[in-house]
Amino acid sequence: MIYTTEVPHLNSGIRSAVTLGKFDGFHRGHQKLVECIKQKSGENCRTIIFTFDLPYKAYQQKCMPKLLLTYEEKREVAEALHADILAECPFTEELMNMEPEAFVKEYLVDRLHAEYVAIGSDFHFGHNRSGNPGVLSALGEKYGFTVEIIEKERDGEREISSTYIREELEQGRMEKVQKLLGYPYFIKGEIVHGRQLGRTIGVPTANLIPPPMKKLPPNGVYVTQSSVGGKVYSGITNVGYKPTVKENFIGVETYLFHCNEDLYGQEAEVRFYKYLRPEKKFDSLSELKTQLDIDVETARAFFEKEYGQALELRLS
């Protein structure tokens with residue numbers, strides 16, 4: 001997959017099938033859009049995910065929201081979905097103020113040579129979000145490309161959206177989050193040195209500091225799986241401040257089952273499956289160890305019941 005922060009100029013004779021949107025999370029609805037453009041791919045037709053590096057709402061509120069996927073994670077998921085090009089265009093003031101037709105003419109027609117465009121039913125673009133699916137369809141007729149408006153994926157009576165996923169994530173409902181995303185929610189980062197107190201109670205842990213822009217689940221203990229150095233480990237993860245040992249920063253600390261390797265400096269991907277309990281301050285390390293033993297057994301039982309064993313789950 002080609003990744004670019006500019007909208008590319010395709011060579012003459014090369015056409016494209018394009019989908020546009022914020023794509024925060026690349027949830028099941030987003031994946032449906034990508035599947036639509038992949039059906040149009042061919043020798044002279046590139047599949048292009050056209051997105052922006054900052055949601056429109058951030059410009060309105062002049063704040064940077066926490067993201068379901070960091071920019072790096074978004075690139076990796078897009079590649080797993082087998083798109084040809086991910087164009088993550090900087091959402092500049094100039095772009096924000098473009099009229100819908102000017103946007104279509106410059107980017108979709110002149111640069112991308114679009115022959116097919118797939119959008120969600122709530123897609124808006126252009127100055128003051130004045131462009132909508134009806135406007136884009138009319139412009140498609142004018143400039144010679146097909147627009148397909150894709151209805152939202154649903155979870156029961158509710159449409160699947162990044163907002164819905166954020167609500168569920170904030171409640172720690174990781175099974176629901178996984179259902180809506182189509183894959184387990186994950187956090188990535190480099191394993192760093194901690195205080196190594198876990199080793200003193202027979203529970204060595206891998207610590208990572210999450211990216212500041214990443215939206216985290218609530219503080220607490222979770223059933224997780226982690227990929228490190230090409231291996232997959234089941235485990236339990238604490239998100240939070242570790243009040244028993246008085247940490248003053250939010251970290252992600254994971255006890256990896258059956259792992260005795262030195263993992264410092266390696267990148268880990270921690271996938272969240274189930275919320276177990278809130279973060280709690282214990283009166284002693286001995287009490288903490290007793291609770292961790294209970295958490296470990298609960299996690300093992302979860303994987304045995306749900307998967308028969310600790311299986312790695314990824315986007316197919």
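All values below come from the heavy atoms of this structure, side chains included, with hydrogens, waters and symmetry mates left out.
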Problem set entry | Worked verdict on K176 versus E168 for salt bridge (charged side-chain N to carboxylate O under 4.0 Å, His left out) | CA-CA 7 Å; K176 174 67 78 172; E168 295 298 315; 6.0 Å; no
For the side chain of [X] and the backbone of [Y], is there at least one donor-acceptor N/O pair under 3.5 Å apart?
{"X": "T290", "Y": "S286", "answer": "yes"}
{"X": "T47", "Y": "D84", "answer": "yes"}
{"X": "R28", "Y": "D155", "answer": "no"}
{"X": "R111", "Y": "P8", "answer": "no"}
{"X": "T51", "Y": "G21", "answer": "yes"}
{"X": "E279", "Y": "V221", "answer": "no"}
{"X": "K66", "Y": "P212", "answer": "yes"}
{"X": "H258", "Y": "L256", "answer": "no"}
{"X": "H127", "Y": "E99", "answer": "no"}

Salt bridge check: are [X] and [Y] linked by an N-O gap of less than 4.0 Å?
{"X": "E76", "Y": "K74", "result": "no"}
{"X": "K32", "Y": "E151", "result": "no"}
{"X": "E167", "Y": "R173", "result": "no"}
{"X": "E35", "Y": "K38", "result": "yes"}

Indicate yes or no: at least one non-hydrogen side-chain atom of [X] is less than 4.5 angstrom from one of [Y].
{"X": "L136", "Y": "L108", "answer": "yes"}
{"X": "V228", "Y": "I191", "answer": "yes"}
{"X": "S130", "Y": "V135", "answer": "no"}
{"X": "F52", "Y": "E88", "answer": "no"}
{"X": "L95", "Y": "C89", "answer": "yes"}
{"X": "I165", "Y": "L181", "answer": "yes"}
{"X": "V239", "Y": "F272", "answer": "yes"}
{"X": "F26", "Y": "L68", "answer": "no"}

Problem set entry | With E73, the salt bridge (Lys or Arg N to Asp or Glu O under 4.0 Å) member among K214, K215, K188 | K214
Exercise. After noting the C-alpha distance and the side-chain angles of R271 and E269, does the key distance pass the salt bridge (charged side-chain N to carboxylate O under 4.0 Å, His left out) rule?
Worked result: CA-CA 6 Å; R271 297 182 291 278; E269 177 181 297; 2.9 Å; yes
Between [X] and [Y], do the side chains contain an N or O donor and an N or O acceptor separated by less than 3.5 Å?
{"X": "E253", "Y": "T205", "result": "yes"}
{"X": "D24", "Y": "S162", "result": "no"}
{"X": "T298", "Y": "R277", "result": "no"}
{"X": "Y71", "Y": "D53", "result": "no"}

Exercise. Which heavy atom in G131 sits nearest to a heavy atom in P100, and how many Å separate them?
Worked result: N-CG, 3.6 Å
Exercise. Between Y264 and V192, which heavy-atom pair has the shortest distance, and what is it?
Worked result: CE2-O, 3.5 Å
Exercise. On the ring face of F257, is R300 found with NZ or CZ under 6.0 Å from the centre and within 45° of the axis?
Worked result: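 Because its charged atom sits under 6.0 Å from the ring centre and within 45° of the axis, R300 does stack over F257.
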Exercise. Within 45° of the axis and under 6.0 Å from the centre of the six-membered ring of Y116, does NZ or CZ of K40 qualify?
Worked result: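 K40 over Y116 ring: yes.
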For this session: Test side-chain contact (heavy atoms from CB on, under 4.5 Å) on E101 and K142 and set out the steps.
Result: CA-CA 10 Å; E101 184 165 2; K142 179 176 180 177; 2.5 Å; yes
Exercise. If two hydrophobic side chains count as joined below 4.5 Å and joins carry through other members, does I250 share a cluster with V252?
Worked result: yes
Problem set entry | Intermediate values then yes/no, side-chain contact (heavy atoms from CB on, under 4.5 Å), V117 and I119 | CA-CA 7 Å; V117 178; I119 56 170; 4.0 Å; yes
Problem set entry | Test log, rule side-chain contact (heavy atoms from CB on, under 4.5 Å), inputs D110 and K105 | CA-CA 6 Å; D110 293 345; K105 179 68 167 59; 3.0 Å; yes
When rounded to the nearest 0.5 angstrom, what is the spacing between [atom1] in [X] and [atom2] in [Y]?
{"X": "T237", "Y": "Y222", "atom1": "OG1", "atom2": "OH", "result": "10.0 Å"}
{"X": "I37", "Y": "E148", "atom1": "CD1", "atom2": "CD", "result": "11.5 Å"}
{"X": "T254", "Y": "Q225", "atom1": "OG1", "atom2": "CD", "result": "11.5 Å"}
{"X": "S137", "Y": "I149", "atom1": "OG", "atom2": "CD1", "result": "4.0 Å"}

Exercise. Is the distance between the ring centroids of F91 and F125 under 6.0 Å?
Worked result: no
Exercise. In this structure, which one of F303, Y183, F186 forms a ring-ring contact (aromatic ring centres under 6.0 Å, His included) with Y273?
Worked result: F303
Exercise. Taking it one step at a time, do F50 and F103 satisfy ring pair (Phe, Tyr, Trp, His ring centres under 6.0 Å)?
Worked result: CA-CA 12 Å; F50 188 139; F103 174 87; 5.7 Å; yes
